[in-house]
Amino acid sequence: MTERLSDATTGTDTSGPGRDSVETHETPEIADSRKTTEGTVYTVTGGDWDEVLADAVHDERIVMNLGPQHPSTHGVLRLVLELEGETVTHARSVIGYLHTGIEKNLEYRNWVQGVTFITRTDYLAPLHHEAAYCMAVEKLLGVTVPDKAQAIRVLLMEINRISSHLVALATGGMELGALTGMTSGFREREEALHLLEHLTGLRMNHAFIRPGGLAQDLPDDAVEKITAFVKIMEKRLPDYDKLLTGQPIWRNRMAGVGYLPVDACLALGITGPILRSAGLAWDLRKIEPYSGYENYQFDVPTSNAADCFARYLLRLEEMHQSLRIIKQVVKSLPTGPVMVEDAKIAWPAQLTIGSDGMGNSLEHVRKIMGQSMESLIHHFKLVTEGFKVPAGQVYVPVESPRGELGYHVVSDGGTRPMRVHLREPSFVNLQSMPAMCEGGMVADVIASVASIDPVMGGCDR
(Lines give C-alpha, C1' and ligand atoms only; values in the text may rest on other atoms or scores of the structure.)
Protein backbone atom coordinates (compact mmCIF):
# COMPACT_ATOMS: atom_id res chain seq x y z
CA MET A 1 0.00 0.00 0.00
CA THR A 2 2.84 2.38 0.83
CA GLU A 3 4.21 2.08 -2.70
CA ARG A 4 1.06 3.69 -4.12
CA LEU A 5 1.00 6.63 -1.69
CA SER A 6 1.71 10.22 -2.74
CA ASP A 7 3.20 13.07 -0.75
CA ALA A 8 0.21 15.30 0.05
CA THR A 9 2.41 18.27 0.94
CA THR A 10 4.32 18.48 -2.34
CA GLY A 11 1.95 16.67 -4.68
CA THR A 12 4.71 14.31 -5.86
CA ASP A 13 4.37 10.62 -6.52
CA THR A 14 6.41 8.68 -3.93
CA SER A 15 6.00 5.30 -5.63
CA GLY A 16 8.92 3.62 -7.33
CA PRO A 17 8.36 5.04 -10.85
CA GLY A 18 7.42 8.36 -9.30
CA ARG A 19 10.63 8.60 -7.31
CA ASP A 20 12.65 7.82 -10.42
CA SER A 21 11.03 10.61 -12.39
CA VAL A 22 11.47 13.07 -9.53
CA GLU A 23 15.11 12.18 -9.05
CA THR A 24 16.00 12.46 -12.76
CA HIS A 25 13.61 15.42 -13.37
CA GLU A 26 12.21 13.64 -16.42
CA THR A 27 8.69 14.30 -17.80
CA PRO A 28 6.71 12.14 -20.21
CA GLU A 29 7.49 13.11 -23.81
CA ILE A 30 4.03 12.25 -25.14
CA ALA A 31 0.75 13.40 -23.65
CA ASP A 32 -1.52 10.95 -21.87
CA SER A 33 -3.89 9.20 -24.23
CA ARG A 34 -6.95 7.01 -24.18
CA LYS A 35 -8.66 4.89 -26.79
CA THR A 36 -12.13 5.90 -27.96
CA THR A 37 -14.51 4.73 -30.67
CA GLU A 38 -13.25 7.61 -32.84
CA GLY A 39 -9.54 6.82 -32.33
CA THR A 40 -6.84 7.88 -29.88
CA VAL A 41 -7.60 11.03 -27.87
CA TYR A 42 -4.75 12.94 -26.16
CA THR A 43 -4.97 14.96 -22.97
CA VAL A 44 -2.48 17.81 -23.15
CA THR A 45 -1.96 19.64 -19.85
CA GLY A 46 1.12 21.69 -20.59
CA GLY A 47 4.45 21.65 -22.37
CA ASP A 48 5.31 22.80 -25.86
CA TRP A 49 2.64 21.76 -28.41
CA ASP A 50 5.20 21.51 -31.22
CA GLU A 51 7.32 19.13 -29.16
CA VAL A 52 4.29 16.97 -28.41
CA LEU A 53 3.51 16.68 -32.13
CA ALA A 54 7.11 16.02 -33.08
CA ASP A 55 7.37 13.17 -30.62
CA ALA A 56 4.00 11.65 -31.51
CA VAL A 57 3.85 8.59 -33.70
CA HIS A 58 2.42 9.45 -37.12
CA ASP A 59 -0.44 6.94 -37.00
CA GLU A 60 -1.68 8.48 -33.75
CA ARG A 61 -3.52 11.63 -34.67
CA ILE A 62 -5.81 14.12 -32.98
CA VAL A 63 -9.52 13.49 -33.50
CA MET A 64 -11.73 16.58 -33.51
CA ASN A 65 -15.49 17.06 -33.76
CA LEU A 66 -16.57 19.96 -35.95
CA GLY A 67 -20.25 20.64 -35.35
CA PRO A 68 -23.10 19.97 -35.30
CA GLN A 69 -23.96 23.64 -35.27
CA HIS A 70 -25.07 26.15 -37.87
CA PRO A 71 -21.95 28.33 -38.17
CA SER A 72 -19.08 26.72 -40.06
CA THR A 73 -20.68 23.33 -40.72
CA HIS A 74 -23.43 24.89 -42.87
CA GLY A 75 -26.21 23.34 -40.83
CA VAL A 76 -26.66 20.63 -38.21
CA LEU A 77 -23.85 18.56 -39.71
CA ARG A 78 -21.19 16.84 -37.61
CA LEU A 79 -17.76 16.32 -39.10
CA VAL A 80 -15.24 13.99 -37.44
CA LEU A 81 -11.77 15.11 -38.49
CA GLU A 82 -8.45 13.37 -37.83
CA LEU A 83 -5.68 15.93 -37.80
CA GLU A 84 -1.92 16.05 -37.95
CA GLY A 85 -1.34 19.58 -36.77
CA GLU A 86 -3.72 21.61 -38.95
CA THR A 87 -3.71 19.11 -41.82
CA VAL A 88 -6.79 16.94 -42.24
CA THR A 89 -5.73 13.32 -42.69
CA HIS A 90 -9.18 11.78 -42.53
CA ALA A 91 -12.69 13.29 -42.66
CA ARG A 92 -16.10 11.73 -42.34
CA SER A 93 -19.55 13.19 -41.97
CA VAL A 94 -22.11 12.19 -39.33
CA ILE A 95 -25.68 12.95 -40.40
CA GLY A 96 -29.15 12.43 -38.98
CA TYR A 97 -29.48 15.37 -36.61
CA LEU A 98 -32.42 16.75 -38.65
CA HIS A 99 -34.18 13.47 -39.39
CA THR A 100 -37.94 13.96 -39.84
CA GLY A 101 -39.20 10.78 -41.51
CA ILE A 102 -40.88 12.79 -44.25
CA GLU A 103 -40.72 10.00 -46.83
CA LYS A 104 -42.51 7.63 -44.45
CA ASN A 105 -45.05 10.28 -43.44
CA LEU A 106 -46.10 10.65 -47.07
CA GLU A 107 -47.52 7.13 -46.95
CA TYR A 108 -50.14 8.31 -44.43
CA ARG A 109 -51.36 11.38 -46.34
CA ASN A 110 -53.30 11.70 -49.56
CA TRP A 111 -51.57 12.82 -52.75
CA VAL A 112 -52.38 16.53 -52.35
CA GLN A 113 -51.45 16.63 -48.67
CA GLY A 114 -48.03 15.24 -49.60
CA VAL A 115 -47.12 18.60 -51.14
CA THR A 116 -47.07 20.14 -47.66
CA PHE A 117 -44.60 17.54 -46.38
CA ILE A 118 -42.02 17.50 -49.15
CA THR A 119 -41.35 21.24 -48.90
CA ARG A 120 -39.86 20.61 -45.44
CA THR A 121 -36.99 18.58 -46.88
CA ASP A 122 -34.95 21.16 -48.81
CA TYR A 123 -36.60 24.16 -47.21
CA LEU A 124 -34.42 26.52 -49.27
CA ALA A 125 -35.82 25.15 -52.54
CA PRO A 126 -39.38 24.09 -51.65
CA LEU A 127 -40.84 24.94 -55.06
CA HIS A 128 -38.45 22.55 -56.83
CA HIS A 129 -39.65 19.77 -54.54
CA GLU A 130 -43.28 20.69 -55.18
CA ALA A 131 -42.69 20.66 -58.94
CA ALA A 132 -40.82 17.34 -58.98
CA TYR A 133 -43.34 15.59 -56.72
CA CYS A 134 -46.35 16.91 -58.66
CA MET A 135 -44.77 15.99 -62.00
CA ALA A 136 -44.35 12.43 -60.73
CA VAL A 137 -47.99 12.25 -59.60
CA GLU A 138 -49.14 13.74 -62.92
CA LYS A 139 -47.10 11.16 -64.81
CA LEU A 140 -48.88 8.38 -62.93
CA LEU A 141 -52.24 10.05 -63.56
CA GLY A 142 -51.46 10.55 -67.25
CA VAL A 143 -52.62 14.17 -67.23
CA THR A 144 -51.17 17.21 -69.03
CA VAL A 145 -50.82 20.41 -67.04
CA PRO A 146 -52.12 23.62 -68.72
CA ASP A 147 -49.49 25.81 -70.40
CA LYS A 148 -50.03 28.72 -68.04
CA ALA A 149 -49.43 26.52 -65.01
CA GLN A 150 -46.23 25.18 -66.61
CA ALA A 151 -44.96 28.71 -67.25
CA ILE A 152 -45.76 29.84 -63.71
CA ARG A 153 -43.96 26.79 -62.33
CA VAL A 154 -40.82 27.79 -64.25
CA LEU A 155 -41.19 31.35 -63.01
CA LEU A 156 -41.49 30.28 -59.37
CA MET A 157 -38.63 27.78 -59.58
CA GLU A 158 -36.25 30.39 -61.00
CA ILE A 159 -37.16 32.92 -58.30
CA ASN A 160 -36.57 30.13 -55.79
CA ARG A 161 -33.22 29.28 -57.42
CA ILE A 162 -32.09 32.88 -56.92
CA SER A 163 -33.15 32.92 -53.26
CA SER A 164 -31.39 29.57 -52.64
CA HIS A 165 -28.13 30.67 -54.26
CA LEU A 166 -28.25 33.88 -52.23
CA VAL A 167 -28.39 31.80 -49.04
CA ALA A 168 -25.41 29.73 -50.25
CA LEU A 169 -23.46 32.91 -50.90
CA ALA A 170 -24.52 34.62 -47.67
CA THR A 171 -23.92 31.70 -45.31
CA GLY A 172 -20.63 30.85 -47.04
CA GLY A 173 -19.55 34.44 -46.56
CA MET A 174 -20.51 34.35 -42.89
CA GLU A 175 -18.57 31.12 -42.32
CA LEU A 176 -15.46 32.58 -43.95
CA GLY A 177 -15.70 35.91 -42.15
CA ALA A 178 -17.13 38.02 -44.99
CA LEU A 179 -20.00 39.38 -42.90
CA THR A 180 -20.92 42.06 -45.44
CA GLY A 181 -21.49 39.30 -47.97
CA MET A 182 -23.83 37.68 -45.45
CA THR A 183 -25.89 40.80 -44.77
CA SER A 184 -26.07 41.66 -48.47
CA GLY A 185 -27.08 38.12 -49.45
CA PHE A 186 -29.92 37.98 -46.96
CA ARG A 187 -31.03 41.47 -47.96
CA GLU A 188 -31.45 40.33 -51.57
CA ARG A 189 -33.07 37.09 -50.45
CA GLU A 190 -35.73 39.12 -48.68
CA GLU A 191 -36.63 40.67 -52.03
CA ALA A 192 -37.14 37.18 -53.47
CA LEU A 193 -39.14 35.94 -50.49
CA HIS A 194 -41.34 39.04 -50.48
CA LEU A 195 -42.12 38.37 -54.14
CA LEU A 196 -42.86 34.69 -53.52
CA GLU A 197 -45.13 35.64 -50.63
CA HIS A 198 -47.03 38.04 -52.87
CA LEU A 199 -47.39 35.43 -55.64
CA THR A 200 -48.15 32.33 -53.54
CA GLY A 201 -49.23 33.61 -50.13
CA LEU A 202 -46.23 32.23 -48.23
CA ARG A 203 -42.52 33.04 -47.99
CA MET A 204 -41.45 29.39 -47.72
CA ASN A 205 -43.06 25.92 -47.83
CA HIS A 206 -45.67 27.25 -50.22
CA ALA A 207 -47.72 24.15 -51.19
CA PHE A 208 -48.69 26.27 -54.20
CA ILE A 209 -47.84 23.76 -56.93
CA ARG A 210 -50.44 20.98 -56.79
CA PRO A 211 -50.94 17.76 -58.77
CA GLY A 212 -52.64 18.91 -61.97
CA GLY A 213 -51.47 22.53 -61.87
CA LEU A 214 -51.45 25.26 -59.24
CA ALA A 215 -53.53 26.08 -56.17
CA GLN A 216 -54.65 29.32 -57.78
CA ASP A 217 -53.71 31.88 -60.42
CA LEU A 218 -51.22 34.69 -59.92
CA PRO A 219 -52.53 37.99 -58.53
CA ASP A 220 -53.50 40.74 -60.94
CA ASP A 221 -50.38 42.82 -60.32
CA ALA A 222 -47.96 39.88 -60.61
CA VAL A 223 -46.22 41.12 -63.76
CA GLU A 224 -45.62 44.52 -62.19
CA LYS A 225 -44.15 43.02 -59.02
CA ILE A 226 -41.95 40.55 -60.92
CA THR A 227 -40.62 43.28 -63.22
CA ALA A 228 -39.71 45.43 -60.21
CA PHE A 229 -37.90 42.46 -58.62
CA VAL A 230 -35.87 41.83 -61.79
CA LYS A 231 -34.80 45.48 -61.93
CA ILE A 232 -33.65 45.44 -58.31
CA MET A 233 -31.68 42.21 -58.75
CA GLU A 234 -30.05 43.34 -62.00
CA LYS A 235 -28.86 46.43 -60.13
CA ARG A 236 -27.60 44.62 -57.03
CA LEU A 237 -26.04 41.42 -58.36
CA PRO A 238 -23.06 43.23 -59.97
CA ASP A 239 -22.24 44.62 -56.51
CA TYR A 240 -21.14 41.12 -55.44
CA ASP A 241 -18.33 41.25 -58.00
CA LYS A 242 -17.15 44.48 -56.39
CA LEU A 243 -17.67 43.18 -52.86
CA LEU A 244 -16.35 39.61 -53.13
CA THR A 245 -15.13 38.45 -56.54
CA GLY A 246 -12.26 40.92 -56.71
CA GLN A 247 -11.54 40.82 -53.00
CA PRO A 248 -8.06 39.23 -52.50
CA ILE A 249 -8.87 37.64 -49.11
CA TRP A 250 -12.08 36.06 -50.47
CA ARG A 251 -10.25 34.77 -53.54
CA ASN A 252 -7.30 33.40 -51.55
CA ARG A 253 -9.61 31.61 -49.11
CA MET A 254 -11.44 29.82 -51.96
CA ALA A 255 -9.22 29.54 -55.05
CA GLY A 256 -7.53 26.15 -55.22
CA VAL A 257 -9.48 24.91 -52.19
CA GLY A 258 -11.90 21.97 -52.27
CA TYR A 259 -10.63 20.64 -55.60
CA LEU A 260 -12.81 17.91 -57.11
CA PRO A 261 -12.21 17.00 -60.79
CA VAL A 262 -14.89 15.78 -63.15
CA ASP A 263 -13.95 12.08 -62.91
CA ALA A 264 -14.35 12.21 -59.12
CA CYS A 265 -17.72 13.96 -59.53
CA LEU A 266 -18.95 11.25 -61.89
CA ALA A 267 -17.68 8.46 -59.63
CA LEU A 268 -19.55 9.91 -56.64
CA GLY A 269 -22.72 10.90 -58.53
CA ILE A 270 -22.18 14.60 -57.86
CA THR A 271 -24.43 17.04 -59.75
CA GLY A 272 -25.28 20.72 -59.77
CA PRO A 273 -22.77 23.59 -59.46
CA ILE A 274 -20.08 21.20 -58.15
CA LEU A 275 -20.19 19.13 -61.35
CA ARG A 276 -20.43 22.19 -63.58
CA SER A 277 -17.44 23.75 -61.79
CA ALA A 278 -15.43 20.73 -62.99
CA GLY A 279 -16.29 21.47 -66.63
CA LEU A 280 -19.31 19.28 -67.42
CA ALA A 281 -22.33 21.33 -68.57
CA TRP A 282 -24.90 18.94 -67.09
CA ASP A 283 -28.16 20.74 -66.40
CA LEU A 284 -31.46 18.85 -66.57
CA ARG A 285 -33.20 21.99 -67.82
CA LYS A 286 -31.14 21.54 -71.00
CA ILE A 287 -30.46 17.79 -71.05
CA GLU A 288 -33.99 16.59 -70.24
CA PRO A 289 -36.23 19.70 -70.46
CA TYR A 290 -39.43 19.78 -68.41
CA SER A 291 -42.22 22.30 -67.80
CA GLY A 292 -41.39 24.03 -71.09
CA TYR A 293 -37.76 24.93 -70.31
CA GLU A 294 -36.95 24.15 -73.94
CA ASN A 295 -38.87 27.30 -74.91
CA TYR A 296 -36.54 29.66 -73.04
CA GLN A 297 -33.07 30.90 -73.94
CA PHE A 298 -30.43 30.60 -71.21
CA ASP A 299 -26.84 29.42 -70.81
CA VAL A 300 -25.34 26.78 -68.53
CA PRO A 301 -22.18 28.32 -67.04
CA THR A 302 -19.21 26.03 -66.48
CA SER A 303 -15.61 26.24 -65.29
CA ASN A 304 -12.54 24.02 -65.33
CA ALA A 305 -11.12 25.22 -62.02
CA ALA A 306 -13.16 22.66 -59.99
CA ASP A 307 -12.62 24.57 -56.73
CA CYS A 308 -14.66 26.58 -54.22
CA PHE A 309 -14.10 29.87 -56.02
CA ALA A 310 -15.43 28.43 -59.29
CA ARG A 311 -18.59 27.23 -57.53
CA TYR A 312 -19.13 30.69 -56.09
CA LEU A 313 -18.75 32.28 -59.54
CA LEU A 314 -21.12 29.74 -61.11
CA ARG A 315 -23.85 30.37 -58.56
CA LEU A 316 -23.49 34.10 -59.17
CA GLU A 317 -23.82 33.61 -62.93
CA GLU A 318 -26.73 31.18 -62.54
CA MET A 319 -28.68 33.94 -60.78
CA HIS A 320 -28.18 36.16 -63.85
CA GLN A 321 -29.43 33.31 -66.07
CA SER A 322 -32.47 32.83 -63.82
CA LEU A 323 -33.34 36.51 -64.22
CA ARG A 324 -33.03 36.01 -67.96
CA ILE A 325 -35.56 33.14 -67.83
CA ILE A 326 -37.93 35.10 -65.58
CA LYS A 327 -38.06 37.99 -68.04
CA GLN A 328 -38.90 35.59 -70.88
CA VAL A 329 -41.67 33.92 -68.87
CA VAL A 330 -43.27 37.27 -68.02
CA LYS A 331 -43.06 38.39 -71.64
CA SER A 332 -44.70 35.22 -73.01
CA LEU A 333 -47.02 34.25 -70.14
CA PRO A 334 -49.90 32.22 -71.64
CA THR A 335 -53.55 32.73 -70.82
CA GLY A 336 -56.03 30.11 -69.67
CA PRO A 337 -56.58 27.88 -66.64
CA VAL A 338 -53.91 26.89 -64.13
CA MET A 339 -55.43 23.52 -63.18
CA VAL A 340 -56.58 20.50 -65.18
CA GLU A 341 -60.31 20.41 -65.82
CA ASP A 342 -60.74 16.81 -64.63
CA ALA A 343 -63.31 17.07 -61.83
CA LYS A 344 -61.89 13.93 -60.22
CA ILE A 345 -58.53 15.67 -59.64
CA ALA A 346 -59.12 19.43 -59.45
CA TRP A 347 -60.90 20.82 -56.43
CA PRO A 348 -64.25 22.26 -57.55
CA ALA A 349 -63.76 25.25 -55.23
CA GLN A 350 -60.95 27.57 -56.29
CA LEU A 351 -59.54 29.55 -53.39
CA THR A 352 -60.42 33.24 -53.06
CA ILE A 353 -58.61 35.07 -50.27
CA GLY A 354 -60.62 37.33 -47.98
CA SER A 355 -59.93 40.95 -47.11
CA ASP A 356 -57.84 39.89 -44.11
CA GLY A 357 -55.45 38.06 -46.45
CA MET A 358 -56.01 34.77 -44.65
CA GLY A 359 -59.52 33.31 -44.82
CA ASN A 360 -61.87 32.83 -47.77
CA SER A 361 -63.99 35.78 -48.91
CA LEU A 362 -67.69 35.85 -48.04
CA GLU A 363 -68.59 35.70 -51.74
CA HIS A 364 -66.53 32.53 -52.07
CA VAL A 365 -68.22 30.92 -49.06
CA ARG A 366 -71.70 31.82 -50.39
CA LYS A 367 -70.84 30.30 -53.76
CA ILE A 368 -69.66 27.02 -52.24
CA MET A 369 -72.54 26.69 -49.79
CA GLY A 370 -75.06 27.72 -52.43
CA GLN A 371 -74.13 24.93 -54.83
CA SER A 372 -75.90 21.59 -54.91
CA MET A 373 -75.49 19.17 -52.04
CA GLU A 374 -73.81 16.69 -54.42
CA SER A 375 -71.14 19.27 -55.32
CA LEU A 376 -70.50 20.02 -51.66
CA ILE A 377 -70.17 16.32 -50.82
CA HIS A 378 -67.84 15.79 -53.78
CA HIS A 379 -65.68 18.71 -52.68
CA PHE A 380 -65.55 17.40 -49.09
CA LYS A 381 -64.55 13.88 -50.14
CA LEU A 382 -61.96 15.14 -52.64
CA VAL A 383 -60.29 17.33 -50.03
CA THR A 384 -60.37 14.86 -47.13
CA GLU A 385 -60.04 11.48 -48.83
CA GLY A 386 -58.26 12.54 -52.02
CA PHE A 387 -58.26 11.15 -55.54
CA LYS A 388 -57.02 7.74 -56.62
CA VAL A 389 -53.82 7.39 -58.65
CA PRO A 390 -53.37 4.40 -61.00
CA ALA A 391 -50.94 1.74 -59.82
CA GLY A 392 -47.39 2.06 -61.08
CA GLN A 393 -44.06 3.69 -60.36
CA VAL A 394 -42.19 6.61 -61.91
CA TYR A 395 -38.97 8.56 -61.43
CA VAL A 396 -39.01 12.27 -62.26
CA PRO A 397 -35.90 14.48 -61.87
CA VAL A 398 -35.58 18.27 -61.92
CA GLU A 399 -32.58 20.59 -61.67
CA SER A 400 -32.68 22.03 -58.16
CA PRO A 401 -30.19 24.68 -56.97
CA ARG A 402 -28.02 21.84 -55.60
CA GLY A 403 -28.26 19.41 -58.52
CA GLU A 404 -30.46 16.54 -59.64
CA LEU A 405 -33.51 16.24 -57.41
CA GLY A 406 -35.49 13.11 -58.25
CA TYR A 407 -38.75 11.68 -56.97
CA HIS A 408 -39.33 7.93 -57.17
CA VAL A 409 -43.06 7.54 -56.52
CA VAL A 410 -44.89 4.20 -56.23
CA SER A 411 -48.70 3.91 -56.26
CA ASP A 412 -50.81 0.86 -55.49
CA GLY A 413 -53.91 2.46 -56.96
CA GLY A 414 -55.12 4.12 -53.77
CA THR A 415 -55.56 7.65 -52.50
CA ARG A 416 -52.17 7.64 -50.77
CA PRO A 417 -48.63 6.96 -52.01
CA MET A 418 -47.40 3.44 -51.38
CA ARG A 419 -43.79 4.69 -51.36
CA VAL A 420 -42.00 7.95 -52.06
CA HIS A 421 -38.21 8.11 -52.18
CA LEU A 422 -36.09 11.18 -52.86
CA ARG A 423 -32.85 11.35 -54.78
CA GLU A 424 -31.77 14.36 -52.75
CA PRO A 425 -28.68 16.20 -54.09
CA SER A 426 -27.60 17.41 -50.63
CA PHE A 427 -27.29 13.78 -49.46
CA VAL A 428 -25.40 12.65 -52.56
CA ASN A 429 -23.17 15.71 -52.85
CA LEU A 430 -22.07 15.46 -49.22
CA GLN A 431 -20.09 12.37 -50.25
CA SER A 432 -17.60 14.72 -51.87
CA MET A 433 -16.60 16.30 -48.56
CA PRO A 434 -13.75 13.87 -47.70
CA ALA A 435 -12.34 14.03 -51.23
CA MET A 436 -12.31 17.84 -51.04
CA CYS A 437 -10.93 18.14 -47.52
CA GLU A 438 -8.44 15.33 -46.86
CA GLY A 439 -4.89 16.55 -47.27
CA GLY A 440 -5.88 20.18 -46.84
CA MET A 441 -5.94 22.53 -43.87
CA VAL A 442 -8.69 22.37 -41.26
CA ALA A 443 -9.68 25.97 -42.07
CA ASP A 444 -10.29 24.95 -45.68
CA VAL A 445 -12.89 22.40 -44.54
CA ILE A 446 -15.20 25.33 -43.84
CA ALA A 447 -14.83 26.70 -47.37
CA SER A 448 -15.30 23.26 -48.93
CA VAL A 449 -18.50 22.45 -47.04
CA ALA A 450 -19.86 25.91 -47.85
CA SER A 451 -19.20 25.31 -51.56
CA ILE A 452 -21.12 22.02 -51.40
CA ASP A 453 -24.07 23.98 -49.93
CA PRO A 454 -25.83 21.01 -48.30
CA VAL A 455 -29.26 21.50 -46.78
CA MET A 456 -29.46 19.04 -43.93
CA GLY A 457 -33.25 18.81 -44.01
CA GLY A 458 -32.95 17.28 -47.47
CA CYS A 459 -29.97 15.17 -46.45
CA ASP A 460 -31.61 13.65 -43.36
CA ARG A 461 -35.35 14.03 -44.22
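The shown structure was predicted, so the numbers you read here are calculated from the model rather than taken from an experiment.
A donor-acceptor pair under 3.5 Å is formed between the side chain of Glu103 and the backbone N or O of Leu422. A distance-only check finds a donor-acceptor pair linking the side chain of Lys286 to the backbone of Phe298 [under 3.5 Å]. A distance-only check finds no donor-acceptor pair linking the side chain of Arg120 to the backbone of Thr100 [under 3.5 Å]. With Asn252 contributing its side chain and Pro248 its backbone, the two residues share a donor-acceptor pair below 3.5 Å. Judged purely by atom type and a 3.5 angstrom limit, Arg461 uses its side chain to pair as donor or acceptor with the backbone of Gly458. Side-chain atoms of Glu438 never come within 3.5 Å of backbone atoms of Ala435 as a donor-acceptor pair (strictly under, hydrogens ignored). Judged by distance alone, the side chain of Thr89 and the main-chain N or O of Glu82 form a donor-acceptor pair under 3.5 Å. Remark: the backbone N or O of Gly212 is paired with a side-chain donor or acceptor of Glu138 at under 3.5 angstrom. In this structure, Ser184 contributes its side chain and Gly181 its backbone to no donor-acceptor pair below 3.5 Å. Remark: the backbone N or O of Leu127 is paired with a side-chain donor or acceptor of Asn160 at under 3.5 angstrom.
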Chi angles and distances behind the side chain to side chain donor-acceptor pair (under 3.5 Å) call for Arg402, Ser164: CA-CA 9 Å; Arg402 271 154 286 282; Ser164 179; 2.9 Å; yes
Trace of the side chain to side chain contact (heavy atoms under 4.5 Å, CB included) decision for Met174 with Thr183: CA-CA 9 Å; Met174 174 190 66; Thr183 54; over 6 Å; no
Working for side chain to side chain contact (heavy atoms under 4.5 Å, CB included), residues Leu266 and Leu280: CA-CA 10 Å; Leu266 295 175; Leu280 185 58; 3.9 Å; yes
Stepwise ring pair (Phe, Tyr, Trp, His ring centres under 6.0 Å) check, Trp250 with Tyr312: CA-CA 10 Å; Trp250 180 259; Tyr312 154 74; 5.5 Å; yes
Derivation of the salt bridge (Lys or Arg N to Asp or Glu O under 4.0 Å) call for Glu158 and Arg161: CA-CA 5 Å; Glu158 293 310 313; Arg161 191 183 310 277; 3.1 Å; yes
Verdict with reasoning, Ile152 to Leu333, per side chain to side chain contact (heavy atoms under 4.5 Å, CB included): CA-CA 8 Å; Ile152 294 174; Leu333 191 63; 4.1 Å; yes
Stepwise side chain to side chain contact (heavy atoms under 4.5 Å, CB included) check, Arg78 with Arg92: CA-CA 9 Å; Arg78 175 187 172 202; Arg92 48 194 183 273; over 6 Å; no
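A distance of 11.5 Å separates CD in Gln328 from CG in Leu323, rounded to the nearest 0.5 Å. If you take CD1 on Ile274 and CE on Met436, they are separated by 4.5 Å, rounding to the nearest 0.5 Å. Put simply, CG on Leu199 and NZ on Lys225 are 10.0 Å apart, with the number rounded to the nearest 0.5 Å. Note that CE of Met233 and OG of Ser163 are 9.5 Å apart. Values are rounded to the nearest 0.5 Å. For the atom pair CG of Leu155 and CG of Leu195, the computed distance is 7.5 Å after rounding to the nearest 0.5 Å. Here the CE atom belonging to Met319 is positioned 11.0 Å from the CG atom belonging to Leu314, to the nearest 0.5 angstrom.
Using a 4.5 Å cut-off on side-chain heavy atoms (C-beta onward), Leu176 and Met254 make contact. Counting only heavy atoms from C-beta outward, the side chains of Met433 and Ile452 approach each other to under 4.5 Å. Considering only heavy atoms from C-beta on, Glu318 comes within 4.5 Å of Pro301 through its side chain. For the pair Val88/Leu83, a side-chain contact is recorded, criterion being any heavy-atom separation below 4.5 Å from C-beta on. Residues Tyr407 and Ile118 have side chains in contact (heavy-atom distance under 4.5 Å, counting atoms from C-beta outward). Between Leu141 and Pro390, the closest side-chain pair of non-hydrogen atoms falls below 4.5 Å. Residues Pro454 and Cys459 have side chains not in contact (no heavy-atom distance under 4.5 Å, counting atoms from C-beta outward). When side chains are defined from C-beta on, Val167 counts as touching Arg189, because their heavy atoms get closer than 4.5 Å.
Gln393 and His408 share a side-chain donor-acceptor pair at under 3.5 Å. Side-chain contact check for Thr200 and His206: at least one donor-acceptor pair (N or O, by modelled atom type) lies under 3.5 Å. Counted by atom type alone, Glu399 and Tyr290 present zero donor-acceptor pairs between their side chains at under 3.5 Å. Side chains of Asn429 and Ser432: a donor-acceptor N/O pair is absent below 3.5 angstrom, by distance only. A donor atom on one side chain and an acceptor atom on the other are found under 3.5 Å apart for His129 and Thr121.
Closest approach of Ala91 and Leu81 over heavy atoms only: CB-CD2, 3.6 Å. In this structure, Ile159 and Ala192 approach most closely via the heavy-atom pair CG2-O, 4.1 Å. Taking each heavy atom of Thr119 and Ala207 in turn, the nearest pair found is CG2-N, 4.4 Å. Residues Gly114 and Arg109 approach most closely at N-CB, 4.5 Å, considering heavy atoms. Here the closest heavy-atom approach between residue Arg423 and residue Glu404 is recorded as NH1-O, 3.0 Å. Nearest heavy-atom pair, Thr271 versus Pro425, reported as atom, atom and distance to 0.1 Å: OG1-CB, 4.5 Å.
Within a 6.0 Å radius of CD1 in Ile249, other residues, nucleotides and ligands contribute 12 heavy atoms or fewer. The number of heavy-atom neighbours closer than 6.0 Å to OH of Tyr108, taken from other residues, nucleotides and ligands shown, is 12 or below. Atom CE of Met418 sits in a sparse spot, with 12 or fewer heavy atoms from other residues, nucleotides or ligands closer than 6.0 Å.
Under the side-chain contact (heavy atoms from CB on, under 4.5 Å) rule, Tyr133 has a single partner from Val396, Ile209, Val115, which is Val115.
Stacking of Lys327 on the aromatic ring of Tyr296 is not recorded, the 6.0 Å distance cut-off and the 45° axial limit not both being met. Geometrically, Arg153 does not engage Phe208 in a cation-pi contact defined by less than 6.0 Å to the ring centre and at most 45° from the axis.
Within the structure, every pair that satisfies the salt bridge (Lys or Arg N to Asp or Glu O under 4.0 Å) test and touches residues 290-304, not counting sequence neighbours, is listed here: Asp299-Arg324.
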